[in-house]
J.: 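This structure is in structure tokens; I'll ask about it shortly.
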Amino acid sequence: MLFGGIELPGHPDLANIRALDLLPIPQICRMMQVGVAIDVERLGEISEILATKMSELELEITSYIPPAYLNAFLEESGEDIAINVDSAEQIAELLFKVLKLGEGKDLKRTPSGLRISTGKKQLEKLKRDHPVIPKILEYREASKLKSTYADALPLLAKDENGAKVIHTQLLTTRTSTGRLASKKPNLQNIPTRTKLGQMIRRAFISRPGCRLISIDYSQIELRLLADRANERKMIEVFRTGGDIHVFTAMQVFDISDPALVDHLTQRNPCKAVNFGVVYGLTAAGLYDLIVVTYATAGLPVPDWVTIEWCEKFIEKWFGIYSDALEYFQLQHWRARRYEMVWDMFGRTRLVPEVRSQIERVQYAGLRQAGNLPIQAAAAGVMKIGMARVERVLEGIRASGIYAEALLPVHDELLIEVDAEWAEEVEELCRWEMEQALVDEESGELRCRVPIKTEGSIMTRWSKAA
DNA sequence: CAGCACGGCGCG
DNA sequence: ACCGCGCCGTGCTG
């Protein structure tokens, strides 16, 4: 029996899931009431920076409209500006009708099929064909960050004794996998991946005299895959504390020395596949991923990277991790047999799609079936971890010290504590989260690999502490 | 003015 | 044709 009486039945178990889902509820209520402080002035500055950048880019983009078309564009928009870069429709017209880019290439259409897609993936592939493309991508990034974050967040902030505080709504019954969701605003998608994005994230601050503590589960989904699939090679790597992506590359490319593994051409694709298999990654999907990776790095894609090569790559991966292959096959079999799959805690998901006559729908159902036992297990681990952390924080608060959980972000928990106690609290909370799968009675770890976390103490929320 | 579908994109 | 979310602006309709 785990913390809070949670079991690992390994079969559908509604009572167990009810108990698991209730576990973090008191903490969730607290988090919504406590809220997160933001630096509204900083967000204002960022908004200005982004606005400036956007008008510069807008001018540059306009300059690429051939003079013969300028009047047509002006008329269409009915404004004094020629083109609205925020309009995918107008960008598609510029790129594919006026500039006639990508002729001869098989350009992907939008899901509705109404027009050619101008999504990031597609534009990355065309990046080298015309100088306007990177400008559009840059504009899109700035526009997204400005409208969704820099401008929107301050409007939702409430004045609370001198600080501006954001209160999100955490949804506990929104997802099909047991994850939590966040809305008004969504604080689970605050930027982190780009330089500009990190500026936004750094506008989330600790209250005066406090520190933010971020603790995230390290590769939790891969570790759970290793455990649930009893995947021998993965278990060995995680037990010995090795780099799973480097190990994969050594196996796939038959390299004996970890130092000889090349990052761009070997470790990165392996990392993509290691994460991607949990989502049901296909050869086409991997190919896209690699193309975008190279394009983003500003490099031409080597001609040995083909769909066929990606197929071989994935086959090789499942040859190496053959227990993982069997595990996914078991989930697919269950999905077809019962139209249902379940995770280690007994959470179920119906997947009637696997009986569809439409192949595309059927495959989507199978990917969902393969993904659920892993994503749901990770969500369950997080719920136990959260409840254990809250027990510790309650004790700390009882001695008059400020200590509050602020926000769960799927495999990360953001905590706020009196600056004086940050180091101690970080260590305690990391320990609690890492003990999520430890049996309360025997003290035994109910997982074949250790559950690890990484923690950092900050005054501003950011990935690089 | 409100509501909707769509394309697009932020995060884990 | 890569899983799970929520939210933005556009373009259109009632």
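Order of the sequence lines fixes the chain letters, A, B, ..., with proteins taken first and strands second; residue numbering starts at 1 for each chain. Atom set for the values below is all heavy atoms of this structure, side chains included, hydrogens, waters and symmetry mates excluded.
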J.: For dC6(B) versus dA1(C), give the span between their P atoms, rounded off to a whole number of Å.
T.: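 It works out to 15 Å between them.
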J.: Considering only dC2(C), dG12(B), dG6(C), which nucleotide approaches the side chain of L289(A) most closely?
T.: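 Closest nucleotide to the L289(A) side chain: dC2(C).
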J.: Could you tell me whether the phosphate oxygens of dG8(B), OP1 or OP2, come under 4.0 Å of any side-chain nitrogen or oxygen in T118(A)?
T.: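 Yes.
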J.: Is the shortest distance from a Lys or Arg side-chain nitrogen in E124(A) or K121(A) to a carboxylate oxygen in the other one below 4.0 Å?
T.: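 Here E124(A) does not pair with K121(A) in a salt bridge, since their nearest N and O are not under 4.0 Å apart.
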J.: So what does A181(A) touch, heavy atoms closer than 4.0 Å: a base, only the sugar-phosphate, or nothing?
T.: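 Sugar-phosphate, backbone atoms only, no base.
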J.: Using OP1 and OP2 only, check whether a side-chain N or O of R367(A) sits under 4.0 Å from dC3(C).
T.: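 The answer is yes; a side-chain N or O of R367(A) sits under 4.0 Å from OP1 or OP2.
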J.: Is the shortest side-chain N/O distance from T282(A) to OP1 or OP2 of dC2(C) below 4.0 Å?
T.: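 Yes, within the criterion.
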J.: Nearest-Å distance, CZ (R193(A)) to P (dG10(B))?
T.: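 Distance, rounded to whole Å: 8 Å.
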J.: Of the candidate nucleotides dG11(C), dC9(B), dG7(B), which contains the atom at the shortest distance from the side chain of S87(A)?
T.: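 The answer is dG11(C).
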J.: For atom CZ of R355(A), decide whether the heavy atoms of other residues, nucleotides or ligands shown that lie under 6.0 angstrom number more than 12.
T.: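 Enclosed: over 12 neighbouring heavy atoms sit under 6.0 Å from CZ of R355(A).
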J.: Any carboxylate oxygen within less than 4.0 angstrom of a Lys/Arg side-chain nitrogen, looking at R430(A) and E434(A)?
T.: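 E434(A) and R430(A): salt-bridged.
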J.: Distance check needed: dG11(C) P versus I91(A) CD1, whole Å only.
T.: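 Whole-Å distance recorded here is 11 Å.
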J.: Can you tell me whether the side chain of R179(A) and the base of dG12(B) have a donor-acceptor pair closer than 3.5 Å?
T.: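 Under the 3.5 Å cut-off, the side chain and the base do form a donor-acceptor pair.
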J.: Is K53(A) salt-bridged to E138(A), going by a charged N under 4.0 Å from an acidic O?
T.: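 A salt bridge links K53(A) with E138(A).
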J.: Charged N to carboxylate O under 4.0 angstrom, E404(A) versus R30(A)?
T.: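 The answer is yes: the pair qualifies as a salt bridge.
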J.: For the pair K105(A) and D129(A), find out whether any cationic side-chain nitrogen is under 4.0 Å from an anionic carboxylate oxygen.
T.: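 Salt bridge present between K105(A) and D129(A).
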J.: Counting side-chain heavy atoms from CB outward, which of dC5(C), dA1(C), dC2(C) is closest to R360(A)?
T.: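 So the nucleotide nearest the side chain must be dA1(C).
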J.: Contact class for K183(A) vs. all strands (heavy atom < 4.0 Å): base, sugar-phosphate, or nothing?
T.: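 Sugar-phosphate, backbone atoms only, no base.
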J.: Tell me which of R174(A) and K121(A) sits closer to the 5' end of DNA chain C, going by the nucleotide each one is nearest to.
T.: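 Taking each residue's closest nucleotide, the earlier one in sequence belongs to K121(A).
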J.: If you look at every strand shown and take non-hydrogen atoms under 4.0 Å, does V278(A) touch a base, only sugar-phosphate, or nothing?
T.: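 Since no nucleic acid heavy atom lies under 4.0 Å of V278(A), the category is nothing.
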J.: Of all the choices, dG12(B), dC11(B), dC2(C), which nucleotide is nearest to the side chain of L281(A) once you look at every atom?
T.: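 The answer is dC2(C).
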J.: Please report, rounded to the nearest Å, how far the P atom of dG8(B) is from the CG atom of D86(A).
T.: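 It is 12 Å, rounded to the nearest whole Å.
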J.: The side chain of L171(A) lies closest to which of these nucleotides: dG6(C), dC5(C), dG12(B)?
T.: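 Side chain of L171(A) sits closest to dG6(C).
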J.: Mind checking R109(A) for me? I need base, sugar-phosphate or nothing, with any heavy atom below 4.0 Å counting as a touch.
T.: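 Touches nothing.
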J.: Please work out if E412(A) contacts a base, only the sugar-phosphate, or nothing of the nucleic acid, heavy-atom cut-off 4.0 Å.
T.: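 It contacts nothing in the nucleic acid.
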J.: Have a look at S182(A) and say if it touches a base, only the backbone sugar-phosphate, or nothing, with a 4.0 Å heavy-atom cut-off.
T.: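 S182(A): backbone/sugar contact only, no base atoms under 4.0 Å.
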J.: Assess whether one donor atom and one acceptor atom, taken from the side chain of Q368(A) and the base of dC3(C), lie less than 3.5 Å apart.
T.: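 By the distance-only test, no, there is no pair.
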J.: Ignoring the backbone of Y149(A), work out which of dC5(C), dG12(B), dG10(B) is nearest its side chain.
T.: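 Nearest to the side-chain atoms of Y149(A), counting from C-beta on, is dG10(B).
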J.: Considering only side-chain heavy atoms of K144(A), which listed nucleotide, dC11(B), dG11(C), dG10(B), is closest?
T.: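 Side chain of K144(A) sits closest to dG10(B).
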J.: Counting only side-chain N and O atoms of S143(A), is one of them less than 4.0 Å from OP1 or OP2 of dC9(B)?
T.: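 So the side-chain polar atoms of S143(A) never come under 4.0 Å of the phosphate oxygens OP1 or OP2 of dC9(B).
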J.: Could you check how far CG of N274(A) sits from P of dC3(C), rounded to whole Å?
T.: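 Going from CG in N274(A) over to P in dC3(C) covers 18 Å.
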J.: Nearest to the side chain of L114(A) - dG10(B), dG7(B), dG12(B)?
T.: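 Within the option list, the nearest is dG7(B).
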J.: Check this for me: does any side-chain nitrogen of one of R267(A) and D243(A) sit under 4.0 Å from a carboxylate oxygen of the other?
T.: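 Judged by the 4.0 Å cut-off on N to carboxylate O distance, R267(A) and D243(A) do form a salt bridge.
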J.: Would you mind telling me which of dC8(C), dC2(C), dG4(C) lies closest to the side-chain atoms of A152(A)?
T.: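 Nearest listed nucleotide: dC8(C).
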J.: Could you tell me whether D288(A) and K125(A) make a salt bridge, using a distance below 4.0 angstrom between a side-chain N and a carboxylate O?
T.: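 Looking at D288(A) and K125(A), the cut-off is met.
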J.: Are any of Q90(A)'s side-chain N or O atoms less than 4.0 Å away from OP1 or OP2 of dG11(C)?
T.: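 Yes, Q90(A) has a side-chain N/O under 4.0 Å of OP1/OP2 on dG11(C).
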J.: Counting only side-chain heavy atoms from C-beta out, which of dC3(C), dG6(C), dG12(B) sits nearest to H410(A)?
T.: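 So the side chain of H410(A) is nearest to dG12(B).
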J.: Compare side-chain N and O positions of T148(A) against OP1 and OP2 of dG10(B) and report whether any pair is under 4.0 Å apart.
T.: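 For dG10(B), neither OP1 nor OP2 has a side-chain N or O of T148(A) closer than 4.0 Å.
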J.: Expressed as a whole number of angstroms, how long is the span from N371(A):CG to dG12(B):P?
T.: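 For the pair N371(A) CG and dG12(B) P, the rounded distance is 16 Å.
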J.: Tell me: CG of L187(A) to P of dG10(B), nearest whole Å?
T.: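 In whole Å, dG10(B) P and L187(A) CG are 17 Å from each other.
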J.: Whole-Å distance between dC9(B) P and I190(A) CD1?
T.: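 These atoms are roughly 18 Å apart.
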J.: Is the phosphate of dC9(B) approached by R140(A) (side-chain N or O, under 4.0 Å from OP1 or OP2)?
T.: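 So the side chain of R140(A) is within the cut-off, an N or O lying under 4.0 Å from OP1 or OP2 of dC9(B).
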J.: Any side-chain N or O of S117(A) below 4.0 angstrom from OP1/OP2 of dG8(B)?
T.: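 Yes, within the criterion.
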J.: CG of N189(A) versus P of dC11(B): gap in Å, rounded?
T.: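 That distance rounds to 8 Å.
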